Number of protein chains: 2
Amino acid sequence: MIMTQKLTILDIAKLAGVGKSTVSRVLTNDPKVKPATREKVEQVIRESGYVPSKSAQAMRGGSAKVVGIILSRLDSPSENKAVSGILDVIYKAGYDAVIMESQFSAEKTNEHLAVLQKRNVDGVIVFGFSGCDLSRIELLGHKAVVIATDTDTISSVDYDHQGLIALAMDKLVSCGKQSISYIGVDESDRTTGLLRLNAYLESCRKLGIEPCYRTGQLSYDSAYHITDQVLSEGTEAIVCASDTLAMGVAKRLQELDRTDIQVSGVGATDLLSFLFPNTFSIDPGYFEAGKASAQLLIKQLSGQQEITHLIQQASY
Amino acid sequence: MIMTQKLTILDIAKLAGVGKSTVSRVLTNDPKVKPATREKVEQVIRESGYVPSKSAQAMRGGSAKVVGIILSRLDSPSENKAVSGILDVIYKAGYDAVIMESQFSAEKTNEHLAVLQKRNVDGVIVFGFSGCDLSRIELLGHKAVVIATDTDTISSVDYDHQGLIALAMDKLVSCGKQSISYIGVDESDRTTGLLRLNAYLESCRKLGIEPCYRTGQLSYDSAYHITDQVLSEGTEAIVCASDTLAMGVAKRLQELDRTDIQVSGVGATDLLSFLFPNTFSIDPGYFEAGKASAQLLIKQLSGQQEITHLIQQASY
DNA sequence: CTGTTAGCGCTTTCAA
DNA sequence: TTGAAAGCGCTAACAG
C-alpha cells in the first residue's frame, strides 16, 4: 500500500458486489443494512484503504462539519488556551477547525470571515479585540459566537472583568490588607483597560479603600516604570490588570526591597508565583471559556439554542 | 440583506443573463471572456453577495486548498510561533489551515491524520515529539512536512540543537567566561534533552572547558532545584537547554546572591532578560521555521520540490 | 433490506 | 466568445 488511491464509493460498491447506496448507507450508519452486508462492505473499505471524500459529503449534505476560529494572535496565552478548549469540544462533536489570525485588524477579520463563508463553514468563533468590527459577524446570526467582547446582538462568552478584580480585592482584604493600589492599562482598551479599572474603583468604594492607581501599556516594562507612582509608605498590596503587569510590578518591588507588598495578577501564569512568592494570580478561565463558546455554538447550530450571553467565572 | 442567501452559480447566470459556464469562467479568471460580460457578471456577484461554494469547487477540482497542521499543544510558545509562521505563508498562497492538537499522543496524531485525509487536505505539517509515530506520515510522501523531528524519509524542518548551544557557549567564552555549567533535561527527550546535552559536551571539548552539568525535568522548578549541583566557587556561567530552565536557574542564583553568574536560555523569551539582567536567550527561529516548513510544503505540492531537510538557523 | 435514480454547485469539454 | 451538457463523489428519495 504505497499510494492513497483515489477510490470512490462506486469502486467499493463493485468490490463488495453491492450498490452505491448500500455503501453510502454503511458510511452513514444507516440501521437498515443487513449485518452481513455491512460487515462485507466494511471489510472492503478497510482493505482497500478507501477514504470517503469530505468535500463531496459536504456538498451533498450542506454541512462541512467545520467551524472557523478567528483569533487575534496565536501566541496570546489567553487565546490559545481558549482555542484548546474549543478544539476539545468541537472535535468530539465531529467538527474540525479552520484557524486564522486577525492580528487585531478589523479588515483582516472581515477578509477571513469571507474566506470562511466560502468554505461553507458551519459556524464561526471570533475573539474580539478593541476596534473589532462586529457588523459582519452579526449577519451570521446563530452561526457565530464571539469571545471576550461585549455585544448583545451576537452570542457571546465574556470574561468577568468585574469579578476578576473584585475577587483579587476581596482576597487581599480578607488577608488584612487595607491599602491596595492598582496598576492597569489605558482606558483605550475597553476590557483589560476600562472595565478592570472600573472594577477596582468600584471595589474600593465598597470596601472603603482609598483608590490609588495608574495605567499604562500592557507590558512588563510599562508596569515596572509606573509602579513607584502608586507606592507609599503604607502600601500593602498592588492589584494588577494582568500577569504581565504583575511581573513588572513584582520585579520593581523586589528591587525596592518592598516584597512585603502582595501583588496579584490575572492570567493564572504559574511562573508569576514561582518567581515571586508573595504573589497570586486570578484565573479568568480561558480554557473553560473556550469550551463554553464551542458548546454554545454547537447547540445553536443544531437549533437547540437561541442567542445567549455567557459570563465566564473567574477563580484563584 | 439579512440572511446569507444560498445563491448558486445558476442564479448569478440568470441574473446576469448569461450561461452558467460564463459565470464559472469569470470565477476562475478565464481570459476568454469579453471584458464587458465579465464586468457585468462581476457586478451581479458583488451586488448579490454571492459566495461560491468551496466544497463544490474542491470536489470538482480535486484540491480543497487546505493544509492540516498537527501540533502537540497550542499553548506551547515554540509551536504557536511556528504555526503563526505557517499561517502567514499558506494564507498568502490561498490555502487555509485546519489545526489539531496531538497532546503528545501518537494515537491521537494518527486519528487526526485520518480525519485530515478524509477532508482531502492538500498537505500536512506535523510537529514531532518524543515517541511520535512517523510511519503513517511517511505514507503521505511529498504531501507532508514534519517540524522538530529527525527523519530522512519525510521532508523536515528541524532546529539546530547543536548550533543553539554552541552559539551560547561561544558567546559566553568570547565574554571571557571559562567555567561554564549546563542545566538540561533528561536524555529521554531526544532533542531538548539528548541533542542539546551532547552539544554542550562537544562545545566543552572544543573550547577546552571542563563539563559540569545536570539534567532534570523541563520545568522551572526542576531547574531551580538542581542548580546548586552545578555550582562551584568559580562558576562563571550556566547554559540552559531552554528559557524555562533558565528562569528557574536565574531565580536560584538570585537567592544565592550569585547574580555574577551569567545565564543563557533557548527560546527568545523577552521576559527572561527583563527579569534577570545578566541573562540572554538564543532564538531557535520558531517563526521562521514555521514559514520555511510551509514554503517547503507548498513547493512540494506543486511538484517543484523533492523531499528536503532543512535546518533552522539560530540567532541571539 | 437493497439497487436505481436524481441531483448538490461547480468546472470543463464540445459545439455553436 | 459563449451555452449546453457531462460529470466530480456522495446522499436521499423512490421503487422494488
Side-chain angles (χ1 to χ4, degrees), chain A residues 4-45 48-66 94 114-122, chain B residues 4-42 44-45 48-66 94 115-122:
Chain A
T4 301
Q5 294 296 340
K6 181 122 173 137
L7 293 170
T8 82
I9 202 174
L10 190 59
D11 298 314
I12 305 303
K14 282 177 187 158
L15 252 44
V18 300
K20 277 186 2 171
S21 25
T22 301
V23 179
S24 177
R25 285 190 187 100
V26 171
L27 255 32
T28 52
N29 276 311
D30 190 320
K32 355 167 166 295
V33 182
K34 189 162 54 166
T37 316
R38 152 154 312 173
E39 182 46 49
K40 189 192 203 171
V41 173
E42 276 172 345
Q43 190 191 326
V44 174
I45 291 182
S48 62
Y50 162 73
V51 183
S53 146
K54 268 276 176 192
S55 321
Q57 293 180 313
M59 193 184 123
R60 196 62 189 73
S63 161
K65 288 294 226 176
V66 171
V115 172
L116 291 174
Q117 213 176 330
K118 264 198 236 199
R119 290 230 174 255
N120 244 304
V121 299
D122 300 88
Chain B
T4 301
Q5 294 296 339
K6 182 124 172 133
L7 293 171
T8 82
I9 202 173
L10 189 60
D11 297 314
I12 304 303
K14 283 178 187 159
L15 252 41
V18 299
K20 276 184 8 170
S21 19
T22 302
V23 178
S24 176
R25 286 189 186 101
V26 171
L27 255 33
T28 52
N29 277 311
D30 190 320
K32 354 169 166 297
V33 182
K34 189 161 54 168
T37 316
R38 152 155 310 168
E39 182 47 48
K40 190 192 201 171
V41 173
E42 275 172 345
V44 173
I45 290 182
S48 61
Y50 163 73
V51 183
S53 146
K54 269 272 176 195
S55 321
Q57 292 180 315
M59 192 185 125
R60 197 64 189 67
S63 161
K65 288 293 225 178
V66 171
V115 172
L116 291 175
Q117 213 177 331
K118 263 197 234 198
R119 289 230 174 254
N120 244 304
V121 300
D122 300 87

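Naming convention: chains lettered A, B, ... in sequence-line order (proteins, then strands); numbering from 1 in each chain. Just so it is clear, the model here is predicted, and its values are computed rather than measured.
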Could you tell me the separation between the [atom1] atom of [X] and the [atom2] atom of [N], rounded to a whole number of Å?
| X | N | atom1 | atom2 | result |
| --- | --- | --- | --- | --- |
| B:M59 | C:dC8 | CE | P | 12 Å |
| A:N120 | C:dC10 | CG | C1' | 12 Å |
| B:K54 | D:dC8 | NZ | C1' | 16 Å |
| A:D30 | D:dA12 | CG | C1' | 10 Å |
| B:K40 | D:dT1 | NZ | C1' | 14 Å |
| A:I9 | C:dG7 | CD1 | C1' | 15 Å |
| A:N29 | C:dC1 | CG | C1' | 16 Å |
| B:K20 | D:dA6 | NZ | P | 11 Å |

So what does [X] hit on the nucleic acid, given a heavy-atom distance under 4.0 Å: a base, only sugar-phosphate, or nothing?
| X | result |
| --- | --- |
| B:S21 | base |
| B:V23 | nothing |
| A:K34 | sugar-phosphate |
| B:S53 | sugar-phosphate |

inquiry  = Quick check: any donor-acceptor pair below 3.5 Å linking the side-chain of A:R60 to the base of C:dG9?
reply    = no

Short side-chain N/O contact to [N] OP1/OP2 from [X], under 4.0 Å:
| X | N | value |
| --- | --- | --- |
| B:Q57 | C:dT11 | yes |
| B:T28 | C:dT11 | no |
| A:T37 | C:dT2 | yes |
| A:S24 | D:dT11 | yes |
| B:T22 | D:dG3 | yes |

ask   = DNA chain D: B:V18 or A:T8, which has the more 5' nearest nucleotide?
value = B:V18

query = Between B:R25 and A:R25, which has a closest nucleotide on DNA chain D that is more 5'?
reply = B:R25

Do [X] side-chain atoms and [Y] backbone N/O form a donor-acceptor pair below 3.5 Å?
| X | Y | result |
| --- | --- | --- |
| A:R119 | B:A64 | yes |
| B:S24 | B:K20 | no |
| A:R38 | A:P31 | no |

ask   = Within a radius of less than 6.0 Å around NZ of A:K118, do more than 12 heavy atoms belonging to other residues, nucleotides or ligands occur?
value = no

inquiry  = Run the side chain to side chain contact (heavy atoms under 4.5 Å, CB included) test on B:V44 and B:V23 for me, step by step, so that the C-alpha distance in whole Å, both residues' side-chain angles and the decisive distance to 0.1 Å come before the verdict.
reply    = CA-CA 10 Å; B:V44 173; B:V23 178; over 6 Å; no

ask   = Can you name the nearest heavy-atom pair linking A:S55 to B:M59, along with the distance?
value = CB-N, 4.1 Å

inquiry  = I'd like to know whether A:T37 forms a side chain to side chain contact (heavy atoms under 4.5 Å, CB included) with A:K40, so could you lay out the CA-CA distance, the side-chain angles of the two residues, the decisive distance to 0.1 Å, and finally the verdict.
reply    = CA-CA 5 Å; A:T37 316; A:K40 189 192 203 171; 5.7 Å; no

ask   = What stem regions, each of at least 3 consecutive Watson-Crick or G-U pairs below 3.5 Å, can be found for DNA chain D?
value = C:1-16 with D:1-16

inquiry  = What verdict does the side chain to side chain contact (heavy atoms under 4.5 Å, CB included) test give for A:I45 and A:L27, after you've listed the backbone C-alpha separation in whole Å, the side-chain angles of each residue and the deciding distance to 0.1 Å?
reply    = CA-CA 10 Å; A:I45 291 182; A:L27 255 32; 3.6 Å; yes

Among D:dT2, C:dG3, C:dC10, the nucleotide that comes nearest once only the side chain of B:K32 is considered = D:dT2

